[in-house]
Amino acid sequence: MASPAPRLPVAGPSSEPKASMLKRMGGPSDLKAGVGRGGIRTAEEIQHIVHEVSKRSKYFKDQERRDRELQVKVDKLKGRLAQEELTARGDEEDKADAILKELEETRDLSRVIALIDADAFYAACHVRVNPELEGKAFGVGGGMLTTASYGARKYGCRSAMPFFIAQKLCPHLVSLKLEPDLYVKASREIFAVLSKYGTIAPASLDEAYVDLTQYCADQDVTPTEAITRLRAEVQATTGLTVSAGVSPNKTLSKIAADVNKPNGQFVIDPTREACMEFIQGVRLRKCFGIGRVCETLLNGIGLETVGDIFRDRAKLYLVRHHLGQSAHFRFLLGLYLGLGRNRVKRAKRGDRKTYGVEKTFTPTSDPGKLDDVIRRVAKSLAKDLKRADFSGRTVTLRIKHADFVSVTRAHTPGKNIYLRDYKDLVRIGLMLLHKEIDERPKLIARGEEVKGGRNPVLKARLLGLRVGNLRDERALAKANKLDGWVRVSSRSTPEIELSDSDTDVQRDSDLDDDEDEDDDEADPGKRALNAVMRDAAIDPFADAGDGEGGVKKEDAACDPAAFGGASGSGSGSWMCVDDYDNDAEDEDAEVVRGRFGVHRGATVPKPSQRRAQQPSSSTIVQGSSLAAASRAGSPPKRKSPAAEDASANEKGKKRRIRKEEEEAAKPASGNEWTCPVCDKVFAGSEAAMSGHVAKHFADDEPPARPKVKVKKECGSLGGGGMGGSKVSSKTKVKGKGRKG
DNA sequence: TACATACAC
DNA sequence: CATGGTGTATGTA
């Protein structure tokens, strides 16, 4: 901690901003954002402006809190390191070297993997349709910028930046409305071209991995020639430019794609030397899976680049159990070696684990408004589940308090109770929310810890629901050779009546007017596109089981084609399926695999259960039991708002709450649009849309022969971490279906 | 199972 | 005035 002595106050009451905060608030030094080049404003200027505009916001305060907590972590880590060094045995480097040697043996330079990334994709899509925009400074999206054109980036505007801040940086900045159809169309065009060069794995609307190995062999061309042709063809046929990175694995290609962006490429030769040389100087933050926290921790003990991992391998070894998941020792060593996964494979329908919807609104404490948000969210989620034909056992409520601190609360009605209907979701969502609201004052009175400040009245800025422990109704139906649609849609409805008497659901009808664009029949043009995409994306039989709805556990456990992905990453990981290719499949190798095909640590994740494997005879929802369970757990009736205000007063807090509530619970940003594939509504986020729509593309893949799925694998690194994955070695399922 | 955190896009 | 939404993975209890 030793924070620097305060400097002279600069304009206003604020003291000198901390460097970590400047960085946190998205200064141009954020390496991940890849800013730089040809800026009109200096980095300092941008940071200063952003800081000035941000510093009094609640968001900023929250970021400061996180920053402090992170500093504490760093200090702790430093302390541990110092302590470990006192008792070090001196063989730490040897230990690390032994692992390096082990990892080195898994190196596979045989494949040609490319990562293609469109340049300022959303902005480019607009320019394509409206050439006038060329060179102009504009942003796409309302409240939050989804993308900034290169013209705007020169001023420091970046994606994920709130528009009002971007405007401070670039006063003449223009904001364009999101037009999803535009992006989806362009994306499909791009992917269509990519597919001509090999199998692809979309990571988002504008990014995909392509396996060029076969293409290079067939055409007898070098990787450089292949990627040159590919990029030229994309530009010629779509009018959009893309950047690319090519190397023997996804890890390196991802980083390489950034090197000559925009409209450039970087190819790493398939030699150990080239791979290692390339990655040595790379800043840790540039590596997939190393986020701000991990970077900060590593910086704290003196590492800045990938090369430093080797230099400081003894240090890393000493604190290997305190690095957090994202910086797992083996993962870092693998990174240093330039290893990475090299299989390009699309995710399947069955890989999905949760469905969720969340909504931000202007912070409110009004119980009625909060209830309404739950209803809206539940409605949207129910629609998603129905359309996708999934149901789930666990419902998780997320509450983000007004101060940006969030909590989650989950409920699983019962072992065999699978939910998908609106009323069930609302009931559970409201139950969880009310419990939270009601418990809060008690906890505070008792002096216990609570998130979101000490006010007994809960004030939220976001509510969301997520359903997990999914079951693929479609696969199930198919496996049972039943008429899935009939069975599914008629089943879960009846028990709803049981809940109709519940006080909470009475106002469901209110909902219908106020929201939801169920108007599937709205825009004819959009409808046509929907149809096309839906057909392509949601093959009713895809993944439904090839006659085997469930996968036997043993099979699943041994499928090397694990769902791997970069772990920690959300949608990203989802698409990056696979595992580091390694043909040396023996027991020993198994112990060694993990994120890079290397298993980290001693923990071997257990094969996760296949959800489609439950006996189909179970009903989707056992109506009466659900209703009963729900009632049993239902919280006492809530106090009136007036009573809650009274509590607030006790606490000494004012009642200006009233005022705020007037307009509360309105969407924070007016920017809403609908996914052309499934009609899901978004609030205006490039990433959300990207991740979401890309999944439809992922689903697109036809069922590969009898396939076994696995789960767990993933090695990841990320965020959370990386997990180790375990892949078993023995079976190489290259195709043959197995199963008994 | 329940919850918190980290990460990606 | 003011900072999103969807999803995955992991550790820990």
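By convention in this document, chain letters (A, B, ...) are assigned in the order of the sequence lines, proteins followed by strands, and residues within each chain are numbered from 1.
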Between [N] ([atom2]) and [X] ([atom1]): distance, integer Å:
X         : N      : atom1 : atom2 : answer
His401(A) : dA4(B) : NE2   : P     : 9 Å
Arg292(A) : dA8(B) : CZ    : P     : 11 Å
Met25(A)  : dA2(C) : CE    : P     : 12 Å
Gln63(A)  : dA6(B) : CD    : C1'   : 13 Å
Phe404(A) : dT5(B) : CZ    : P     : 16 Å
Asp62(A)  : dA2(C) : CG    : C1'   : 15 Å
Tyr209(A) : dA8(B) : OH    : P     : 11 Å
Leu381(A) : dG7(C) : CG    : P     : 9 Å

5′-ward residue of the pair Arg461(A)/Arg398(A) relative to DNA chain C:
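The answer here is Arg461(A).
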Could you tell me whether the phosphate oxygens of [N], OP1 or OP2, come under 4.0 Å of any side-chain nitrogen or oxygen in [X]?
X         : N      : answer
Ser406(A) : dA4(B) : no
Lys353(A) : dA9(C) : yes
Thr408(A) : dC3(B) : no
Thr360(A) : dT3(C) : no
Lys435(A) : dA2(B) : no

Using a cut-off of 4.0 Å on non-hydrogen atoms, how would the nucleic acid contact of [X] be classed: base, sugar-phosphate, or nothing?
X         : value
Ile165(A) : base
Val53(A)  : nothing
Thr412(A) : sugar-phosphate
Lys61(A)  : nothing
Lys400(A) : sugar-phosphate

Looking at [options], which one has an atom nearest to any side-chain atom of [X]?
X         : options                : answer
Asn469(A) : dC9(B), dT1(B), dT3(C) : dT1(B)
Thr354(A) : dG7(C), dA4(B), dT3(C) : dG7(C)
Arg409(A) : dA4(B), dG7(C), dT5(B) : dA4(B)

Does NZ or CZ of Lys250(A) fall inside the cone over Tyr209(A)'s six-membered ring, less than 6.0 Å from its centre and within 45° of the axis?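 Flagged: Lys250(A) positioned over aromatic ring of Tyr209(A).
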Checklist line | Distance in Å, Leu323(A) CG paired with Arg80(A) CZ, rounded so as to fall on 0.5 Å steps | finding: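 It is 10.5 Å, given to the nearest 0.5 Å.
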Hey, which sits more toward the 5' end of DNA chain B by its nearest nucleotide, Leu70(A) or Glu207(A)?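 Between the two, 5'-proximity favours Leu70(A).
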Between Arg393(A) (side chain) and Leu419(A) (backbone), is there a donor-acceptor pair under 3.5 Å?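 No: the side chain of Arg393(A) does not pair with the backbone of Leu419(A).
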Is the count of non-hydrogen atoms from other residues, nucleotides or ligands lying under 6.0 Å from Lys76(A) atom NZ greater than 12?
->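 No, the 6.0 Å shell around NZ holds no more than 12 heavy atoms from other groups.
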**Prompt:** Can you find an N or O donor on one side and an acceptor on the other, under 3.5 Å apart, linking the side chain of Thr394(A) with the base of dT1(B)?
**Reply:**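 No.
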Using distance alone, with no hydrogens and no angle criterion, decide if Arg466(A) and Thr354(A) have a side-chain donor and acceptor under 3.5 Å apart.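 Result is yes, a qualifying pair exists.
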For this session: Evaluate salt bridge (Lys or Arg N to Asp or Glu O under 4.0 Å) for Lys73(A) paired with Glu69(A), printing each intermediate quantity in order.
Result: CA-CA 6 Å; Lys73(A) 274 194 195 169; Glu69(A) 289 175 2; over 6 Å; no
